[in-house]
K.L.:
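Take a look at the following structure, please.
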Amino acid sequence: MENQCQNGTETLLKVSTLNCIDLSNPDIHQSVSLLKQACLDCGFFYVINHGISQEFMDEVFGQSKSFFELPLNEKMKVLRNEKHRGYTPVLDELLDPDNQVHGDYKEGYYIGVEVPEDDPEAEKPFYGPNVWPEDGLLPGWRQTMEKFHHQALEVAKAVARIIALALGLEVDFFDKPEMLGKPIATLRLLHYGGQVSDPSKGLYGAGAHSDYGLITLLATDDVMGLQICKDKDAKPQIWEYVAPVKGAFIVNLGDMLERWSNCIFKSTLHRVLGNGQERYSIAYFVEPSHDCLVECLPTCKSENNPPKFPPIYCATYLSQRYKDTHAELSVYEKHQT
C-alpha cells in the first residue's frame with residue numbers, strides 16, 4: 001500500500017523486515033546465507049557488531065551537526081569542488097528528475113580518500129586532497145572524520161568478504177589492489193532540515209534512486225525517513241520504511257554490484273521522505289579503484305544467462321553518474337565573491 005492517502009497525509013507506516021548480519025558471528029555459513037537471501041530479495045540488510053563503538057558514532061554525529069549548524073556563508077567557503085569534496089547545499093542534488101520539482105531537500109558534505117595534490121594519483125576523478133573547514137572553526141572535526149572514514153572502510157571490507165562468498169567467489173576477491181585495495185571510498189554527512197515531503201507534489205528529502213557503486217553503509221539517527229521499493233517495476237510502486245536500529249549500519253548494494261553479478265544481486269530504489277523533523281545520517285559509499293574493470297563475474301554467467309552489460313571501468317561509470325545528478329558548479333559562482 002502506498003504510504004500517502006488522497007489528501008497527502010500519512011496514513012500508516014509500512015516498515016520493511018530486513019535480515020541482520022552479525023559481523024561477530026563465528027558461523028560464517030549462517031552470515032553468508034542471511035546475506036545472500038537479502039541480496040536476492042531486496043539488496044538491503046542491517047550489519048551489527050561491526051567494531052565501531054557507539055561512543056564514537058555519537059561523536060561523529062555530534063561533529064556532523066556542528067558543521068551543519070554553521071551559517072550558510074561559512075559552509076559555502078567549503079563548497080564542493082569538481083572532485084566531489086566539500087559541502088553540497090540544499091537542492092544541489094537531483095536524484096529523480098522525472099518525479100521531483102526541485103532538487104533534494106538535504107545538505108551534505110563529501111569526504112573522500114585523502115591524496116596529496118602533488119601525488120600523480122590526484123589527477124584521477126574522485127581522488128585528491130579533501131576540502132576541510134578551518135581548524136579553529138570546528139576543533140577536532142577533521143580528525144574525527146578521518147578516523148571514521150578509516151574504520152568504516154574496514155567494516156565495508158568485512159561485508160564485501162561475505163558478499164564474495166555469497167557469489168561463489170574466493171573470500172578475498174574484493175580485497176585485490178584494483179578493487180578495495182585502493183578504493184574510491186566516500187564519506188557523506190547528510191542533514192535534512194525538517195521540510196515535509198509530499199510525493200504527490202514532487203517534494204522529497206531525497207528522490208528515488210539506487211546507489212552507484214559496490215555497497216553503501218548508512219548510519220542514521222532515530223528519525224524515520226528512509227524508504228525502499230523492492231520492486232521498481234510494480235504499478236503502483238510499494239514503498240516501505242526502513243526502521244533505524246541503534247548502533248547498526250543499514251547496508252545496501254549499488255548498481256555496480258548488480259552489474260557485476262549480472263542482475264543476480266539487486267540494487268534497490270530508495271528515497272527519503274521528510275516528516276517535519278530534522279534528520280541526520282551518515283553514508284559511506286564504497287567503490288573499487290578507478291582502474292577496476294567491472295565485468296560479469298565468472299560465477300554469474302552461463303550459456304543460458306550471458307552477460308547483460310559490457311565491461312566498463314569504474315572511474316568512467318561513476319563520473320557519468322555523478323554528472324547526471326549534481327548541479328553545475330557555475331550556479332554557485334555568486335557565492336564565491
Side-chain angles (χ1 to χ4, degrees), residues 52 56 59-60 63-64 66-68 70 74-89 92-93 107-157 160 174-190 211-217 254 256 282-294 313-323 325-330 332-333 335-336:
I52 301 180
F56 183 54
E59 182 186 334
V60 178
Q63 291 277 28
S64 172
S66 296
F67 173 79
F68 289 119
L70 292 172
E74 286 291 347
K75 291 185 283 193
M76 291 301 288
K77 290 177 184 176
V78 286
L79 179 69
R80 70 171 169 89
N81 58 24
E82 70 285 347
K83 297 276 192 173
H84 292 281
R85 306 296 177 91
Y87 176 62
T88 56
D92 178 76
E93 195 172 13
E107 54 184 341
Y109 200 99
Y110 282 115
I111 301 166
V113 176
E114 184 75 34
V115 178
E117 206 160 2
D118 57 0
D119 189 313
E121 292 280 294
E123 294 298 312
K124 294 178 177 178
F126 309 106
Y127 270 17
N130 279 301
V131 174
W132 300 106
E134 290 177 20
D135 278 346
L137 196 62
L138 297 170
W141 199 87
R142 174 176 177 171
Q143 290 77 10
T144 297
M145 297 309 162
E146 287 185 322
K147 179 180 174 184
F148 180 77
H149 198 293
H150 173 75
Q151 291 191 7
L153 181 58
E154 293 309 306
V155 177
K157 286 179 176 178
F174 293 110
D175 286 332
K176 294 171 185 167
E178 70 273 20
M179 294 186 193
L180 297 188
K182 289 187 74 176
I184 302 170
T186 305
L187 168 60
R188 195 173 186 200
L189 310 173
L190 294 165
D211 289 347
Y212 314 148
L214 182 63
I215 58 171
T216 304
L217 310 181
M256 199 179 290
I282 299 167
Y284 190 74
F285 302 101
V286 183
E287 347 287 4
S289 82
H290 291 81
D291 305 320
C292 179
L293 187 66
V294 179
Y313 282 102
C314 177
T316 306
Y317 180 74
L318 285 179
S319 294
Q320 186 58 52
R321 293 296 299 271
Y322 272 80
K323 186 174 184 294
T325 54
H326 286 73
E328 291 290 336
L329 284 169
S330 58
Y332 299 116
E333 283 173 1
H335 292 279
Q336 302 303 298

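Owing to the predicted nature of the structure, the values given are computational and were not obtained by experimental measurement. Side chains included, hydrogens not; waters and symmetry mates left out as well; all remaining heavy atoms used.
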K.L.:
Y109 and ring pair (Phe, Tyr, Trp, His ring centres under 6.0 Å): which partner among Y87, F68, F67?
P.N.:
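Result for ring pair (Phe, Tyr, Trp, His ring centres under 6.0 Å) with Y109: F67.
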
K.L.:
Using atom types as modelled and distance alone, determine if a side-chain donor or acceptor of D211 lies under 3.5 Å from a backbone N or O of G213.
P.N.:
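No, the answer is negative, given that no donor and acceptor are paired below the 3.5 Å cut-off.
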
K.L.:
Could you check T216 against Y284 for side chain to side chain contact (heavy atoms under 4.5 Å, CB included), going step by step and ending with a plain yes or no?
P.N.:
CA-CA 5 Å; T216 304; Y284 190 74; 5.9 Å; no

K.L.:
Is there a side-chain contact between C314 and I184, using heavy atoms and a 4.5 Å cut-off?
P.N.:
yes

K.L.:
If you take all heavy atoms of G108 and L190, which pair is closest and at what distance?
P.N.:
CA-CD2, 4.2 Å

K.L.:
With distance as the sole test, does K83 use its side chain to make a donor-acceptor pair with the main-chain N or O of Y127 at under 3.5 Å?
P.N.:
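Yes; at least one donor-acceptor contact below 3.5 Å.
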
K.L.:
Using every non-hydrogen atom in the two residues, find where L217 and A152 come nearest and quote the distance to one decimal.
P.N.:
CD1-O, 3.5 Å

K.L.:
Taking all non-hydrogen atoms of both residues, which atom of V113 and which atom of P183 are closest, and how far apart?
P.N.:
CG2-O, 3.6 Å

K.L.:
Counting only N and O atoms by type, is there a donor-acceptor contact under 3.5 Å from the side chain of W141 to the main-chain atoms of P133?
P.N.:
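Here the side-chain-to-backbone pair does not exist.
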
K.L.:
Taking the cut-offs as 6.0 angstrom to the six-membered ring centre and 45 degrees off its axis, would you call K147 and F56 a cation-pi pair?
P.N.:
yes

K.L.:
If you take all heavy atoms of C292 and E178, which pair is closest and at what distance?
P.N.:
CB-O, 3.1 Å

K.L.:
Taking C-beta and beyond as the side chain, do T88 and Y110 meet within less than 4.5 Å on heavy atoms?
P.N.:
yes

K.L.:
Does atom CD of E134 have more than 12 heavy-atom neighbours, drawn from other residues, nucleotides or ligands, at distances under 6.0 Å?
P.N.:
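No, CD of E134 has 12 or fewer neighbouring heavy atoms, counting only those of other groups under 6.0 Å.
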
K.L.:
Keeping S319 on the side-chain end and A315 on the backbone end, is there a donor-acceptor pair under 3.5 Å?
P.N.:
yes

K.L.:
As a quick check of understanding, evaluate side chain to side chain contact (heavy atoms under 4.5 Å, CB included) for V286 and K157, giving each step before the final call.
P.N.:
CA-CA 9 Å; V286 183; K157 286 179 176 178; over 6 Å; no

K.L.:
Please confirm whether the ring centroid of H290 lies under 6.0 Å from the ring centroid of Y313.
P.N.:
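Ring centres of Y313 and H290 not closer than 6.0 Å.
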
K.L.:
Thinking salt bridges, do R142 and E146 make one under a 4.0 Å N-O criterion?
P.N.:
yes

K.L.:
Using modelled atom types and a 3.5 Å cut-off, is there a donor and acceptor pairing between side-chain atoms of N130 and backbone atoms of I111?
P.N.:
no

K.L.:
Surrounding CG of D119 (heavy atoms of other residues, nucleotides or ligands, distance under 6.0 Å), is the total greater than 12?
P.N.:
yes

K.L.:
Would you call K75 and E107 a salt bridge, using N to O less than 4.0 angstrom?
P.N.:
yes

K.L.:
Could you tell me if the side chain of H149 sits less than 4.5 Å from the side chain of T186, heavy atoms only?
P.N.:
no

K.L.:
What pair of heavy atoms forms the shortest contact from A122 to P116, and how long is it?
P.N.:
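Answer, listing the atom of A122 first, then P116: CB-O, 3.4 Å.
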
K.L.:
Could you check if a side-chain atom of W132 sits within less than 4.5 angstrom of a side-chain atom of E114, using non-hydrogen atoms only?
P.N.:
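Side chain of W132 against side chain of E114, heavy atoms only: contact under 4.5 Å found.
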
K.L.:
Which pair of non-hydrogen atoms, one from M256 and one from L214, has the smallest distance, and what is that distance?
P.N.:
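Residues M256 and L214, closest heavy atoms: CB-N, 4.1 Å.
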
K.L.:
Just verifying a value: how many Å separate H150 NE2 and L187 CG, rounded to the nearest 0.5 Å?
P.N.:
14.0 Å

K.L.:
One thing to verify: whether R188 and E93 come together as a salt bridge, which I'm taking to mean a side-chain N less than 4.0 angstrom from a carboxylate O.
P.N.:
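Between R188 and E93 there is a salt bridge, with a charged N closer than 4.0 Å to a carboxylate O.
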
K.L.:
Applying side chain to side chain contact (heavy atoms under 4.5 Å, CB included) to I282 and F148, what does each step give before you reach the verdict?
P.N.:
CA-CA 10 Å; I282 299 167; F148 180 77; 3.7 Å; yes

K.L.:
For side chain to side chain contact (heavy atoms under 4.5 Å, CB included), just list the numbers for M145 and Q63, CA-CA rounded to whole Å, side-chain angles, deciding distance to a tenth of an Å, and then say yes or no.
P.N.:
CA-CA 8 Å; M145 297 309 162; Q63 291 277 28; 3.6 Å; yes

K.L.:
Ion pair present between K124 and D291, side-chain N to carboxylate O less than 4.0 angstrom?
P.N.:
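The answer is yes: the pair qualifies as a salt bridge.
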
K.L.:
Do E154 and Q151 make a side-chain contact, defined as non-hydrogen atoms from C-beta onward lying under 4.5 Å apart?
P.N.:
no

